[in-house]
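Whatever order the structure lists them in is the order used to number ligands and atoms, beginning at 1. Reckoned from all heavy atoms, side chains included, excluding hydrogens, waters and symmetry mates.
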Amino acid sequence: GEALAVSARVAPLGSRLVLLLVEDLTEARRIEAVRRDFVANVSHELKTPVGALSLLSEAVMDASDDPEAVERFAGRMQIEATRLTNLVQELIDLSRVQNDDPLEDAEPVRVDELVAEAMDRSRHQASHKQITMAAGGTAELQIWGNRGQLAAALGNLVENAVNYSPARTRVGIAARRVTAPGGDFIEVAVTDQGIGISDKDKERIFERFYRVDPARSRATGGTGLGLAIVKHVAASHGGEVTVWSSEGQGSTFTLRLPEAAAHRDRGTGHGGGL
Ligand code: ADP
């Protein structure tokens, strides 16, 4: 239907172009199918904490004369509520990366605002674990991009840094301008003193649904989509995300994105979903 209509319209332009366009539509359809899978998967995961909360609240009511049991159940309710919050955040992020062309709404985005938003998102979890978050170098830097997508990307990196770090450690966020042959870039690096990532896993963590330790990640409400979203956002902005890590010592994830002034009049033209 759609593909045929498009090919008929461009037929005079030559069959090579037609072929490209038809391939493009197939790709769009494939991406749409993948996206539907995501939503179904995350929606399914939502049922677990909701079900648990419902059972636990009944248990609390039944145990009203046993303060110790009530406290135990309340603690588990808190864990399930955190999972639920994280899953909902993941759905919000997914909806943010669904635009066909993320750069259609591109604008200069202040790095200090992005960093403040990302830290706010993990504030609760960080204070719970007494993790100190600190940012530097962000003043006056601006990225050329889609604000919601950039917030989703940085938010995920900071969230992971907090999630995969032991209590009483530090998460640092540092930004700087980098001059490269292709134009100026902004680099935002998120550094933690957490569990780190092995060389073997480093190659795979950006894949959808890949988790080094599913049990641990599940406990924090992770679905393994976070870094796939980060990679997608970086790529669709004409940037990249890289990781340095040493097992048991910590990790640094660096987002490299176009600087606002340098890219104001250019689009990268990349579209599509994850
Ligand atoms: P998740 O929802 O599981 O956090 P992500 O896609 O964000 O999914 O990350 C994929 C996996 O990469 C995680 O399950 C975790 O094993 C690993 N990971 C991500 N960030 C870090 C980090 N800062 N330190 C250690 N491991 C990390």
Side-chain angles (χ1 to χ4, degrees), residues 34-35 37-46 48-49 79-80 82-97 115 118-119 121-122 124-126 128-129 131-135 149-174 187-235 240-255 273-274:
V34 168
R35 191 187 68 70
D37 280 354
F38 281 161
V39 175
N41 202 302
V42 177
S43 307
H44 182 77
E45 298 234 10
L46 285 173
T48 311
I79 292 170
E80 296 301 331
T82 303
R83 269 180 84 177
L84 200 51
T85 308
N86 291 342
L87 283 166
V88 168
Q89 183 65 56
E90 205 127 19
L91 272 179
I92 293 173
D93 287 348
L94 276 176
S95 75
R96 280 163 155 174
V97 297
V115 168
M119 293 203 301
R121 176 163 156 179
S122 296
H124 184 79
Q125 182 68 5
H128 184 71
K129 294 170 80 174
I131 288 175
T132 320
M133 294 189 289
Q149 295 204 0
L150 294 172
L154 196 60
N156 266 291
L157 290 182
V158 175
E159 202 169 86
N160 281 344
V162 171
N163 273 342
Y164 299 105
S165 289
R168 286 177 292 281
T169 53
R170 210 186 107 99
V171 169
I173 305 162
E187 274 187 2
V188 187
V190 180
T191 300
D192 65 54
Q193 302 171 322
I195 60 177
I197 303 157
S198 72
D199 285 340
K200 179 172 83 47
D201 288 318
K202 255 178 234 167
E203 298 169 15
R204 305 207 52 196
I205 49 172
F206 293 97
E207 293 172 17
R208 281 176 281 118
F209 304 126
Y210 185 79
R211 299 177 289 198
V212 175
D213 177 355
R216 181 191 171 122
S217 157
R218 188 172 280 269
T220 64
T223 57
L225 279 179
L227 288 178
I229 289 173
V230 176
K231 186 181 173 184
H232 171 76
V233 170
E240 62 175 355
V241 55
T242 52
V243 59
W244 174 92
S245 185
S246 170
E247 255 183 301
Q249 298 201 45
S251 313
T252 296
F253 284 83
T254 304
L255 261 176
L274 279 168

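Checked by atom type and distance alone, the side chain of Ser245 pairs as donor or acceptor with a backbone atom of Gly250 at under 3.5 Å.
Annotation: Val212 places an N or O atom under 3.5 Å from an N or O atom of ligand 1; distance criterion only. On a distance-only criterion, Ala228 and ligand 1 share no N/O pair closer than 3.5 Å. Residue Asn160 has at least one nitrogen or oxygen atom sitting less than 3.5 Å from a nitrogen or oxygen atom of ligand 1, judged on distance alone. Below 3.5 Å of separation, one finds no N or O of Asn156 facing any N or O of ligand 1.
Between Leu255 and the options Thr242, Val190, Leu157, a side-chain contact (heavy atoms from CB on, under 4.5 Å) holds for only Leu157.
For atom 18 (N) of ligand 1, the nearest non-hydrogen atom from the set Tyr210, Tyr164, Phe206 comes from Tyr164.
Under a 4.0 Å heavy-atom criterion, Gly194 is not in contact with ligand 1.
Close approach of ligand 1 to Gly196 is summarised as follows: ligand atoms under 4.0 Å from at least one heavy atom of the residue are 25 (C). Of all the atoms in ligand 1, the ones that sit under 4.0 Å from a non-hydrogen atom of Arg211 are 3 (O), 14 (O). In summary, the atoms of ligand 1 found under 4.0 Å from a heavy atom of Ser251, numbered by their order in the structure, are 24 (N). In the vicinity of Gly226, heavy-atom distances shorter than 4.0 Å reach the ligand 1 atoms 5 (P), 6 (O), 7 (O).
Within the 4.5 Å cutoff, the side chain of Arg121 has heavy atoms near those of the Asn156 side chain. Looking at Gln125 and Asn163, their side chains come closer than 4.5 Å, going by heavy atoms from C-beta outward. Side-chain contact between Ile205 and Arg211: absent, with no pair of heavy atoms (C-beta onward) separated by less than 4.5 Å.
Heavy-atom neighbours of Glu207 CD from other residues, nucleotides or ligands within 6.0 Å: above the threshold of 12.
Of all heavy-atom pairs spanning Ser251 and Ile197, the tightest one is OG-CD1, 3.9 Å.
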Salt bridge (charged side-chain N to carboxylate O under 4.0 Å, His left out) assessment of Asp201 paired with Arg204: CA-CA 5 Å; Asp201 288 318; Arg204 305 207 52 196; over 6 Å; no

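Using a 4.0 Å cut-off between heavy atoms, Ile197 contacts ligand 1 through its side chain alone, with no backbone atom that close.
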